[in-house]
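Right, one structure below, let's go through it.
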Amino acid sequence: MGNFSPNPVGFAADLRVVSHNSEVKLRWVFVVLVASVAAYVYVGSRPGTNQWSDEPSAQTARDAGRIEDADVQAFDGAALQPQLLDGDALHIELAYDIADTYLQPMAEDGGDRDFAPRVERLSGGNATYDPWLSHAAREIAVQGAILGTSPPEPVLSFILRSSGAPEGSVAQMLVQVRGEDPSAIDSAIESALKSAPKGAGALILGVGEAAIESGEFDRRVVVVSARRNFSLSPTTRQLMPGETWEISGQAPAGFGSAHASVLYPGGSISVLPVEMQGRSFSVQVPSGESTGTVWVSIDGVGAEGPGKLLQLQAEVGRALPRTFDVLLPPAEEFSDIAEAEAFALSRLNDDRASQGLMALELDEELSDVARAHSLEMKEQGFFAHRSPTTGLSSDRLRVAGYAATSNGENLAFNDSIAEAQSSLMESVGHRRNIVSPVFTHVGIGLARSDGPSGADAWHLTQVFARKVQPLDALSAADDVLAEINAGRSERGLAELEMREELVELALQGCERALREELAEVPSEIAPQASRIMHGRVSVSAHAFYEFETLNLAELGVDEEFRQIGVALLRDPESLQGRTVLVVVAAERS
């Protein structure tokens, strides 16, 4: 007897994106402080060199920036107007040294000695100064000064990684200053504290500055904040082919069911076990043999449902990049939500097409579920797979009566739908859902709200499913017989013929299988079949969700068998499409 009953598969991944997959909305708040004297700004003791591209491009901002000395980075404001346009290419070169290790030990510098006590004092001890986020804040301030505007989201993601910060979720505060005012740093920190990310985890802040020699403002002060709900042992950002990458640390209390999703340079995704001992976690990641970037996402289930603990990446067999090129997304103007959702679907299917996959079919039932969740997140002010009223995505599909053998969900929050999709593709767990060959249908749900910057912000929910297809029992029985006979033909055996009496017995077996234990069906049906056929019989019962999981060629291989009965019946109470199959084979009577 065989029992093919694969469990339905469900994937869930969440993402809030505006700045570097940010857990909260990106906040670029502009505060103008006016004083009478221009200022040089101390930005740290480890500046690099600016080497601008020789390729002609208005977006490169080449020759616009320069480093005056080891302590001060200043930029000619009159030259810092690259006129960034939607859809244009942007080239970025880092001004500071690259960290070759996540949480790489740093020597304290003047900026750290100045900013750390300010953060402690202004937060009342409720926030901690973080040198790695400060490294990123300094680079963001410099790049913003060069560009004349805030760096776009993909650039911010690149800067965070290059600084050695393991954060996948940040909020930012920008204070632009005219003249010298010693309160500028305090104003930036205070504003950042007021708009810091909510939720669990220790609040950490990084602070950085850049000076502009001419133009409307003299200084850019950037404060980056995040909630760190994990600890991470310093780990490399650079590997050799064939090397093993060890990632370890501590997860928050209650985090479990951990696994690591690994995206390799060729596009393949592997899932590895994560060893958990109490709150401590560790995973061994083979780097593979190909040169390129390896992404590792450590996922699990916490208080808010399935989610990502952290995501890291390492370069295999090549140097860490100092430059970054990105194509800015096109402008997004939609007449209504339906048009925006159609655009979101097209970007999703474009990403599938780039991986050689068929487009997902839009399903309005799934879209209704997705829209309701996006709207609830907007109105109730939360961001998670687990809703306080509707539970997880699988619960929402069950209430909707949607039949699927597998399902998944992605979440994003962003000013831009295009950037949301790009960030989802950069997150391994979300990418798994997007490029899964299992799914056949998708629902897109958007809810629009006013973002802190004044522009539209989007809650985006993607619900994926492999939809249960209608069952034509007679046609399916013919397909089963054809596959069984193909297996017999390969063994040089005569084909089996369908016999009505055996079909009736097989159907009775299916009905019993829906009421009783599957394993009991063959012993109940076999005696009846033997009496009818006056000879040897074989009865097997199977339960399955996907027809392709059945190994039918292994059935009915007895060379003396000549006749068969096949029947299939779907469980009407199963939203996963559980189907039972009973096969009765016998000698000719």
Side-chain angles (χ1 to χ4, degrees), residues 16 18-20 22-33 35 39 41-44 103 105-138 140-141 156 160 163-177 180-210 219-232 249-255 279 302-304 309-310 381-384 452-453:
R16 304 167 212 212
V18 167
S19 172
H20 188 65
S22 51
E23 291 289 339
V24 298
K25 187 70 174 171
L26 168 61
R27 301 175 177 90
W28 279 118
V29 177
F30 298 91
V31 179
V32 179
L33 302 176
V41 181
Y42 184 88
V43 295
L103 299 182
M106 293 184 182
E108 185 181 60
D109 61 23
D112 297 327
R113 289 188 291 272
D114 181 21
F115 299 148
R118 291 177 187 241
V119 170
E120 173 74 18
R121 172 174 54 84
L122 294 171
S123 71
N126 293 320
T128 302
Y129 176 81
D130 187 80
W132 298 281
L133 287 187
S134 291
H135 186 166
R138 293 169 186 172
I140 292 168
L156 296 171
L160 272 174
S163 72
E167 264 50 62
S169 311
V170 298
Q172 300 172 67
M173 181 66 62
L174 167 67
V175 173
Q176 299 206 98
V177 185
E180 182 178 9
D181 190 324
S183 67
I185 297 293
D186 284 0
S187 296
I189 293 173
E190 288 173 341
S191 298
L193 288 169
K194 291 178 182 177
S195 57
K198 308 299 181 184
L203 178 60
I204 55 176
L205 266 66
V207 186
E209 295 185 76
R219 301 161 62 191
R220 295 176 72 90
V221 180
V222 173
V223 181
V224 178
S225 60
R227 291 277 179 183
R228 185 175 291 168
N229 65 345
F230 60 86
S231 66
L232 179 71
Q250 282 203 320
F255 184 83
R279 292 177 56 186
E304 295 183 337
L309 180 65
L310 76 160
F382 73 95
F383 187 90
S453 65

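Remember, it's a predicted structure, so these values are computed and weren't measured experimentally. Here, residue 1 is the first one in the sequence, and each next residue gets the next number.
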With heavy-atom distances below 4.5 Å as the criterion, would you say the side chains of [X] and [Y] are in contact?
{"X": "Ser225", "Y": "Met173", "answer": "no"}
{"X": "Pro252", "Y": "Leu309", "answer": "yes"}
{"X": "Val224", "Y": "Val207", "answer": "no"}

Could you tell me which residues satisfy side chain to side chain contact (heavy atoms under 4.5 Å, CB included) with [X], sequence neighbours excluded, listed by chain and number?
{"X": "Pro117", "answer": "none"}
{"X": "Asp114", "answer": "Arg118"}
{"X": "Ala127", "answer": "Val119, Ser123, Leu193, Leu203, Leu205"}
{"X": "Ser163", "answer": "His135, Ala136, Ala165"}

Sidechain-backbone polar pair: [X] side chain, [Y] backbone, donor-acceptor under 3.5 Å:
{"X": "Arg227", "Y": "Ala200", "answer": "no"}
{"X": "Ser231", "Y": "Gln250", "answer": "yes"}
{"X": "Asp186", "Y": "Ser183", "answer": "no"}

Distance-minimising heavy-atom pair for [X] and [Y]:
{"X": "Ala251", "Y": "Phe255", "value": "CB-CD2, 3.7 Å"}
{"X": "Phe115", "Y": "Ile185", "value": "CE2-CD1, 3.8 Å"}
{"X": "Val223", "Y": "Ile189", "value": "CG2-N, 4.0 Å"}

For salt bridge (charged side-chain N to carboxylate O under 4.0 Å, His left out), just list the numbers for Arg219 and Glu209, CA-CA rounded to whole Å, side-chain angles, deciding distance to a tenth of an Å, and then say yes or no.
CA-CA 7 Å; Arg219 301 161 62 191; Glu209 295 185 76; 2.8 Å; yes
Applying side-chain hydrogen bond (donor to acceptor under 3.5 Å, both in side chains) to Arg228 and not counting sequence neighbours gives Asp130, Glu167
What residues, two or more places apart in sequence or in another chain, satisfy salt bridge (charged side-chain N to carboxylate O under 4.0 Å, His left out) together with Arg279?
none
